[in-house]
Number of protein chains: 2
Amino acid sequence: MTSEPPPAPRRSDATRAAILDAARERFAADGYDRATIRAIARDAGIDPSMVMRYYGNKEGLFAAASEIDLRLPELGAMPGRHIGAVLVSHFLDRWEHDDVLTAMLRVGVTNAAGAERVVKVFREQLLPVTAGVCPLPEEVPRRAALAASQIMGMALARYVLRIPPAVDMTRDEVIAWLAPTIQRYLTAAAP
Amino acid sequence: MTSEPPPAPRRSDATRAAILDAARERFAADGYDRATIRAIARDAGIDPSMVMRYYGNKEGLFAAASEIDLRLPELGAMPGRHIGAVLVSHFLDRWEHDDVLTAMLRVGVTNAAGAERVVKVFREQLLPVTAGVCPLPEEVPRRAALAASQIMGMALARYVLRIPPAVDMTRDEVIAWLAPTIQRYLTAAAP
DNA sequence: ACTGTAGGCCAACGCCTGTTGACACGCCAG
DNA sequence: CTGGCGTGTCAACAGGCGTTGGCCTACAGT
């Protein structure tokens with residue numbers, strides 16, 4: 001499946017990367033519709049037609065720009081009581097140090113393909129990690145969805161809508177409040 | 001302030017209402033950019049120029065269409081232990097029976113003015129209602145923001161992104177899981 | 001009955017969009 | 001040295017957008 005024979009380094013790799021960087025930034029800041037190919041090309045310092053040559057069309061560019069790896073830690077290898085805090089802390093890091101997640105959220109809300117992409121990340125990355133820590137296997141998807149709802153909701157309030165009290169909370173305060181919630185969603189007995 | 005002397009019924013009230021209905025639907029379904037004035041006018045069965053005549057421009061139309069009343073119940077008049085369940089249940093109702101909230105969420109994410117509108121609703125409608133139930137007055141904004149983050153997060157997962165496990169939960173399951181979270185955010189001792 | 005005005009439609013504007021095709025440069029193989 | 005291919009620019013396209021102004025129609029006040 002994932003076996004492109006040699007990576008085959010091309011002379012244009014720098015340009016491709018510049019386009020991708022600019023695209024991620026624009027998609028994160030403006031959402032799918034307002035992030036124009038022309039603006040992305042301008043940011044990358046090249047002609048709009050290069051974007052088409054390398055990524056086919058706007059959808060292809062978005063697909064390439066929203067290749068996301070949450071880099072979730074292995075939860076099995078740590079004391080069960082810290083799972084909530086570790087997850088919240090990890091997501092705060094990811095959200096603050098790069099704008100792919102903001103882009104994913106913004107585009108997921110505006111664009112059907114974007115929403116599917118979010119669902120895919122949820123299914124392929126969050127589900128496996130939470131599988132090991134939930135009491136009953138059949139409850140895993142539901143519990144993961146609950147956890148995701150709280151994490152995305154805080155990201156929405158804090159990084160996208162910028163609701164002042166959510167922005168003003170320190171990182172540690174956010175963790176202190178959210179960790180017990182995530183902990184309960186993933187590990188506590190069903191209500 | 002809110003004293004337009006007579007309501008002054010106009011012959012065009014039906015048209016105005018049709019435009020507003022169509023606008024709310026389109027903004028909810030498509031977000032700010034994709035919801036075009038032409039499409040809204042087509043839905044309302046009139047000419048695009050009528051929209052301009054009555055609402056000035058697209059921003060004015062959006063401002064009129066996103067006049068939101070959460071219709072939050074008085075929390076002071078009920079047993080303190082039920083606040084979480086009542087709030088979650090109320091928001092589920094609002095979200096399912098009318099698409100203004102979805103519109104608000106979608107536009108809040110794509111549009112700066114939309115985000116400000118969400119913050120305004122938070123400040124003017126959620127804050128006052130939660131003020132009566134939090135232990136310390138100075139914690140009210142933070143606690144309300146936490147509750148908002150969980151409620152918006154679930155709405156995002158369930159009604160916008162349509163993450164399958166979040167969609168599949170019954171209304172009662174959502175309440176059973178979320179109510180204790182909201183309850184804790186609003187009333188429990190700070191962590 | 002006459003007239004002013006509000007309600008409504010139509011055609012057009014200037015702008016910006018995604019996308020395309022033709023053309024120019026420079027590297028590398030033969 | 002020469003040809004081809006990869007990299008890049010430029011100019012243009014068709015279509016959609018928000019917005020504007022002119023014109024027609026029908027009702028309301030006198």
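As the structure is a computational prediction, the values presented were derived from the model and not from experiment. Throughout, a chain's letter reflects where its sequence line sits, starting with A, and its residues are numbered from 1. As a basis for the values below, the full set of heavy atoms in this structure was taken, side chains included, without hydrogen atoms, waters or symmetry mates.
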Between atom [atom1] in [X] and atom [atom2] in [N], what is the gap in whole Å?
| X | N | atom1 | atom2 | result |
| --- | --- | --- | --- | --- |
| A/I19 | C/dG18 | CD1 | P | 14 Å |
| A/I40 | C/dC16 | CD1 | P | 17 Å |
| B/M52 | C/dG7 | CE | C1' | 17 Å |
| A/Y54 | C/dT20 | OH | C1' | 17 Å |
| A/R38 | C/dT17 | CZ | P | 6 Å |
| A/D30 | C/dG18 | CG | P | 12 Å |

Test item: side-chain donor near acceptor, [X] and [Y], under 3.5 Å:
| X | Y | value |
| --- | --- | --- |
| A/R158 | B/S149 | no |
| A/D47 | A/S49 | yes |
| A/T187 | A/R143 | no |

> For nucleotides 21-26 of chain C, read 5' to 3', which letter fits each nucleotide if B means a protein heavy atom sits under 4.0 Å from the base, S means only the sugar-phosphate is that close, and - means neither?
Replying inline: B-----
>> Ring-plane angle category for B/F27 and B/Y32, please: parallel below 30°, perpendicular beyond 60°, tilted otherwise.
In response: parallel
> Parallel, tilted or perpendicular: which fits the ring planes of B/W95 and B/Y159, with parallel below 30° and perpendicular above 60°?
Replying inline: parallel
Do [X] and [Y] sit in one hydrophobic cluster, given that two such residues count as connected whenever their side-chain heavy atoms are within less than 4.5 Å of each other, even indirectly?
| X | Y | value |
| --- | --- | --- |
| A/L126 | B/W177 | yes |
| A/V107 | A/M104 | no |
| A/I182 | B/V174 | yes |

>> Using modelled atom types and a 3.5 Å cut-off, is there a donor and acceptor pairing between side-chain atoms of B/Y55 and backbone atoms of B/R16?
In response: yes
> Could you go step by step and tell me if B/L105 and B/V118 meet the side chain to side chain contact (heavy atoms under 4.5 Å, CB included) rule?
Replying inline: CA-CA 8 Å; B/L105 199 58; B/V118 176; over 6 Å; no
> Which residue, A/R42 or B/T15, contacts DNA chain C at a nucleotide closer to its 5' end, judged by nearest heavy atom?
Replying inline: B/T15
>> Could you check whether A/D93 pairs with A/R171 (Lys NZ or Arg NE/NH1/NH2 to Asp/Glu carboxylate O, under 4.0 Å)?
In response: yes
> Heavy-atom contacts under 4.0 Å between residues 55-66 of chain A and DNA chain D, which residues?
Replying inline: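 Under 4.0 Å from DNA chain D: no residue of residues 55-66 of chain A.
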> Which two nucleotides bound the region of DNA chain D that has atoms under 4.0 Å from heavy atoms of chain B, read 5' to 3'?
Replying inline: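 Listing 5' to 3', DNA chain D meets chain B from D/dC17 to D/dG21.
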